[in-house]
Visitor: 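First the structure, which I've put down as structure tokens, then a few questions once you've had a look.
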Amino acid sequence: ITSTIGVTFLLQSCGQPNANPQLDNYMQLAEIAEFSPQSNYQVTRTYTGNIIAKQRTQLSFEYSGRIDRVNVYSGDDIKKDQVLASLDVELLNIKVRELNAQIEQVNAQIKLNKANLTRVSSLIANDYASEQRVDELNAEKAVLLASLEGIKASRASLEYQISRAQLKAPYDGVVFERLVSEGDLVNAGAPTFTLINQHEQEIITGIPAKLARQLSINDTLPVEINDI
């Protein structure tokens, strides 16, 4: 159904003739518009939400220790592999030096054992030594080699712990929160920093379920960010 509505307003005086002839000819005109029924219409709705970092990480040390240095603070921009903080490793370095000394000592004993085996083997050829002495030296050699491997494993463990005494950034981002200070004692796994990746962000907002059912993956919607 199509209808056309025209409205004209005519202002006339009643009773006595108007003393102003211009008012006698004054007319109020209205715009003529055409209306037609529609099956649907669009309504713009606005919903509020929050912008959050898609990647948010809590960092912690792999081992317990005392914080020796803190290099960044809350709000600082950071780069991947940048050292954020480090533990005091003085005691670990002392233990490594002790193990190095033990390794040198065992190597000296192995060298002596090898010389004894050579000498005893030559004596056996002339019947001046027994096979039992050779067996004893071979057993001693096995013990020394096992001891050497054990000391080297302990040293490798300490060296690994020292390498993990530096806490490095896993990606470019921003320090959202710093939870430690220099001199603090921290346990393994205790949170020390919270990082966010500002290069990957997402918007979280709530919408009615009825409207959500009308959306599809990869739909593009306009977003207005306040104060930007």
Side-chain angles (χ1 to χ4, degrees), residues 55-74 76-175 177-195 197:
Q55 192 172 17
R56 181 187 179 106
T57 307
Q58 273 198 336
L59 298 183
S60 59
F61 284 101
E62 192 172 341
Y63 296 94
S64 302
R66 184 182 298 277
I67 300 293
D68 179 59
R69 183 178 296 275
V70 176
N71 301 321
V72 295
Y73 299 89
S74 299
D76 286 355
D77 293 327
I78 56 173
K79 296 294 183 181
K80 182 178 180 180
D81 293 329
Q82 179 178 341
V83 177
L84 309 180
S86 56
L87 296 176
D88 184 358
V89 295
E90 182 179 0
L91 181 59
L92 296 178
N93 286 326
I94 292 174
K95 289 182 178 180
V96 169
R97 290 195 294 270
E98 290 177 350
L99 292 177
N100 286 335
Q102 293 179 27
I103 290 173
E104 291 180 3
Q105 181 180 2
V106 174
N107 280 330
Q109 292 174 336
I110 291 173
K111 184 177 180 180
L112 178 60
N113 174 269
K114 182 179 180 180
N116 289 335
L117 276 171
T118 301
R119 183 173 60 255
V120 170
S121 296
S122 65
L123 292 175
I124 289 176
N126 297 318
D127 293 331
Y128 292 127
S130 64
E131 293 290 342
Q132 181 181 355
R133 181 54 180 161
V134 174
D135 293 339
E136 290 174 353
L137 290 173
N138 282 327
E140 181 185 76
K141 178 182 177 181
V143 171
L144 290 172
L145 290 175
S147 176
L148 181 63
E149 290 303 313
I151 296 172
K152 287 183 177 179
S154 298
R155 183 181 64 178
S157 176
L158 289 174
E159 290 174 342
Y160 177 83
Q161 190 171 344
I162 291 172
S163 69
R164 292 298 185 272
Q166 289 186 332
L167 196 62
K168 298 182 179 181
Y171 49 77
D172 294 351
V174 175
V175 178
E177 187 178 18
R178 187 197 69 168
L179 303 171
V180 294
S181 299
E182 293 182 2
D184 287 350
L185 285 173
V186 294
N187 294 322
T192 55
F193 294 93
T194 301
L195 308 184
N197 186 350

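Predicted model, so just to flag it, every value in this text is computed and none were measured.
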Visitor: Which is it for Phe193 and Thr57 under the side chain to side chain contact (heavy atoms under 4.5 Å, CB included) test, yes or no, and what are the steps along the way?
Guide: CA-CA 8 Å; Phe193 294 93; Thr57 307; over 6 Å; no

Visitor: For Ile103 and Lys152: C-alpha separation, side-chain torsions, deciding distance, then whether side chain to side chain contact (heavy atoms under 4.5 Å, CB included) applies.
Guide: CA-CA 7 Å; Ile103 290 173; Lys152 287 183 177 179; 3.9 Å; yes

Visitor: Do the side chains of Leu117 and Lys114 get nearer than 4.5 Å, heavy atoms only?
Guide: no

Visitor: What I want to find out is whether Glu136 reaches Arg133 closely enough, with some N-O distance under 4.0 Å, to be called a salt bridge.
Guide: yes

Visitor: State, yes or no, whether a side-chain contact exists between Asn93 and Glu90 at a heavy-atom distance under 4.5 Å.
Guide: no

Visitor: Can you tell me if Arg178 uses its side chain to pair, donor with acceptor, with the backbone of Val180 under 3.5 Å?
Guide: yes

Visitor: Could you pull out the closest heavy-atom pair between Tyr73 and Val70, with the gap in Å?
Guide: OH-O, 4.0 Å

Visitor: So, do Ile94 and Glu98 sit near enough that their side-chain heavy atoms are less than 4.5 Å apart?
Guide: yes

Visitor: Dump the intermediate steps for side chain to side chain contact (heavy atoms under 4.5 Å, CB included) on Phe61 and Arg164, then the final yes or no.
Guide: CA-CA 7 Å; Phe61 284 101; Arg164 292 298 185 272; over 6 Å; no

Visitor: Could you check if a side-chain atom of Lys141 sits within less than 4.5 angstrom of a side-chain atom of Ile110, using non-hydrogen atoms only?
Guide: no

Visitor: With a 3.5 Å distance limit and no angle check, can you tell me whether Gln82 reaches the backbone of Lys79 through a side-chain donor-acceptor pair?
Guide: yes

Visitor: Going by side chain to side chain contact (heavy atoms under 4.5 Å, CB included), Asn113 matches just one of Asn138, Leu144, Leu145, Thr118. Which one?
Guide: Leu144

Visitor: So Leu87 and Arg66, do their side chains get closer than 4.5 Å, heavy atoms only?
Guide: no

Visitor: Can you see which heavy atom on Pro170 is nearest to which on Leu195, and at what distance?
Guide: CD-CD1, 3.6 Å

Visitor: Could you check whether Arg119 and Asn116, counting side-chain N and O atoms only, form a donor-acceptor pair closer than 3.5 Å?
Guide: yes

Visitor: Do you know the tightest heavy-atom contact between Leu59 and Lys168?
Guide: CD1-O, 4.0 Å

Visitor: Could you report the tightest heavy-atom contact between Val106 and Ser147, atom names first, then the distance?
Guide: CG2-OG, 4.1 Å

Visitor: Quick one: does any side-chain atom of Asp77 pair with a main-chain N or O of Val174 as donor and acceptor, under 3.5 Å?
Guide: no

Visitor: Quick check against the 3.5 Å criterion: does Ser60 have a side-chain atom that pairs as donor or acceptor with the backbone of Thr192?
Guide: no

Visitor: Any side-chain heavy atom of Arg155 within less than 4.5 Å of one from Asn100?
Guide: yes

Visitor: List the steps and the verdict of side chain to side chain contact (heavy atoms under 4.5 Å, CB included) for Asn71 and Leu84.
Guide: CA-CA 5 Å; Asn71 301 321; Leu84 309 180; 5.9 Å; no

Visitor: For Asp184 and Val186, indicate whether the former's side chain and the latter's backbone hold a donor-acceptor pair under 3.5 Å.
Guide: no

